[in-house]
**Q** 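Here it is: the structure, laid out below.
Please read all numbers here as calculations on a predicted model, not as lab measurements. Atoms within a ligand are numbered from 1 in the order they appear, just like the ligands themselves.
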Amino acid sequence: MRHWGTITAAFVAAAVVFAFGGGAMAKEFRLGLITPPPHIWTKAAEAFGADLAAETEGAQTVAVFPSRQLGNEAEMMQLLQSGALDMAFLTVAEVSNRVPNFGAFYAPYLVETIDQAGAVLKSDVALSLLEPLPREIGVVGLGYGMAGLRQIVSRDTIETVDDLVGKKLRITPFEPIRDFYNLVGAAPTPMPLPAVYDALANGQVDAIDMDLELIWKLKYYEHADTVLISDHMMFPMVGLVSARVWGGLSEEERAVIQRLMKKHLDGVIDSYVALEADFLAELEKAEVPIKTVDRDFFADVVTQWEETWGEKAPVLDDLRTVAAGL
Ligand code: BEZ
């Protein structure tokens, strides 16, 4: 018969192995994104990390790397694919460069309001688009966020769409938006976010495609003769986990990460739905030269865009059905 002291020592040793050496090793995930620390996306990433640490009692934590510290979005996507990066919040633009079906989200005037944008992004059709991502590009998509609807800030006065013709107009680098502005007759100029302020201020570009939050908070409006409130496109973000990293997690670990990341991505959508009108009100208070337009402003550009992208992104029909039912 074994002595109690021996049994207790064996039990303690087993507990130590379980806690520090066995399957329950503490894990710090790295999550990258391009937005700066005060941005809604970055705050959501940090809140997700805090929730994960609390729920796993510190067994899983998240180190957030904002402001492109781990590279631009194309580089972060490669890191996710190789398993060198665990998680990222990336613009859907980056995913659409690899999986054209995602271009459907950028159909001009797919939605008319920020509430509708949020509802489309939370819909089953949108979520079903994430299913093939592990197979197609080696990442697992856990849900969408967004950054409001797109507007145009112009150094010159804009009265009609013809005033945009030939203008160097900053875009986020992805094809659906490039095609939109090519159809407008502008000269779309791909440029990452951090370069935009100086480029607009010093006239390197004549105009920029941007969301209301950043037009207000980063003071792009200071260089504008017209802020065109066009709401012409939504701008979704997607929460991703490396498929390699995901494959190494247990079912329970995946379930917790999935639930908490989705909660905070939904929170990002809800924030923009709640705040978009406030950003506009701030611009109005600051007496920024605002011109409000709708799809008629862009004449037949919208239907021309749909002709090309309807084929490249067949899910567009289903997204339209979702939007029409809202
Ligand atoms: C942009 O490229 O305009 C952008 C990227 C991320 C968040 C917001 C805006």
Side-chain angles (χ1 to χ4, degrees), residues 31-46 64-77 87-97 102-103 105-106 108 114 117-118 121 143-154 168-181 186 188-201 204-221 223-224 227-240 264-265 267-273 275-276 278-280 283:
L31 188 157
L33 69 176
I34 61 169
T35 49
H39 192 269
I40 290 172
W41 295 7
T42 313
K43 292 214 171 301
E46 282 164 356
V64 176
F65 294 86
S67 306
R68 308 201 321 163
Q69 284 174 38
L70 301 179
N72 63 29
E73 290 202 327
E75 289 161 342
M76 281 194 272
M77 181 63 91
M87 301 172 174
F89 285 180
L90 299 186
T91 63
V92 164
E94 189 53 43
V95 178
S96 75
N97 286 338
F102 279 78
F105 286 117
Y106 300 103
I114 191 79
L121 289 170
Y144 299 95
M146 70 169 162
L149 300 175
R150 300 305 277 187
Q151 324 295 344
I152 299 170
V153 178
S154 167
K168 281 191 84 176
L169 196 151
R170 177 269 167 177
I171 56 164
T172 313
F174 66 105
E175 282 182 32
I177 201 158
R178 184 205 60 196
D179 289 356
F180 176 74
Y181 283 113
T189 308
M191 187 177 285
L193 199 53
V196 174
Y197 187 88
D198 286 347
L200 185 67
Q204 189 189 335
V205 290
D206 304 303
I208 63 170
D209 182 275
M210 190 52 65
D211 60 72
L212 271 178
E213 178 191 18
L214 296 186
I215 293 171
W216 168 242
K217 289 189 182 164
L218 298 185
K219 299 190 189 307
Y220 295 127
Y221 65 85
H223 304 284
V227 175
L228 204 65
I229 303 298
S230 49
D231 289 343
H232 55 273
M233 218 174 251
M234 61 161 103
F235 197 76
M237 170 266 266
V238 60
L240 299 173
H264 288 283
L265 292 169
V268 168
I269 290 178
D270 297 342
S271 295
Y272 282 97
V273 169
L275 293 173
E276 191 90 332
D278 295 351
F279 298 139
L280 183 56
L283 285 175

**Q** Say whether Asp211 and Gln151, considering side chains only, have a donor N or O and an acceptor N or O under 3.5 Å apart.
**A** no
**Q** Specify whether Phe174 and Tyr106 have parallel, tilted or perpendicular ring planes, treating 30° as the upper limit for parallel and 60° as the lower limit for perpendicular.
**A** tilted
**Q** Ring-plane angle category for Phe102 and Phe105, please: parallel below 30°, perpendicular beyond 60°, tilted otherwise.
**A** tilted
**Q** For Pro38, does its backbone N or O pair with a side-chain atom of Thr42 as donor and acceptor, under 3.5 Å?
**A** no
**Q** With side-chain contact (heavy atoms from CB on, under 4.5 Å) as the test, pick out the partner of Ile208 among Ile152, Thr172, Leu200.
**A** Leu200
**Q** Please work out whether the ring planes of Tyr272 and His39 are parallel, tilted or perpendicular, with thresholds of 30° and 60°.
**A** tilted
**Q** Can you list every pair where an N/O of ligand 1 is under 3.5 Å from an N/O on the protein?
**A**
residue  : atom  : partner : partner atom : Å
ligand 1 : 2 (O) : Arg170  : NH2          : 2.8
ligand 1 : 2 (O) : Thr172  : OG1          : 2.8
ligand 1 : 3 (O) : Arg150  : NH2          : 2.9
ligand 1 : 3 (O) : Arg170  : NH1          : 2.9
ligand 1 : 3 (O) : Thr172  : OG1          : 3.4

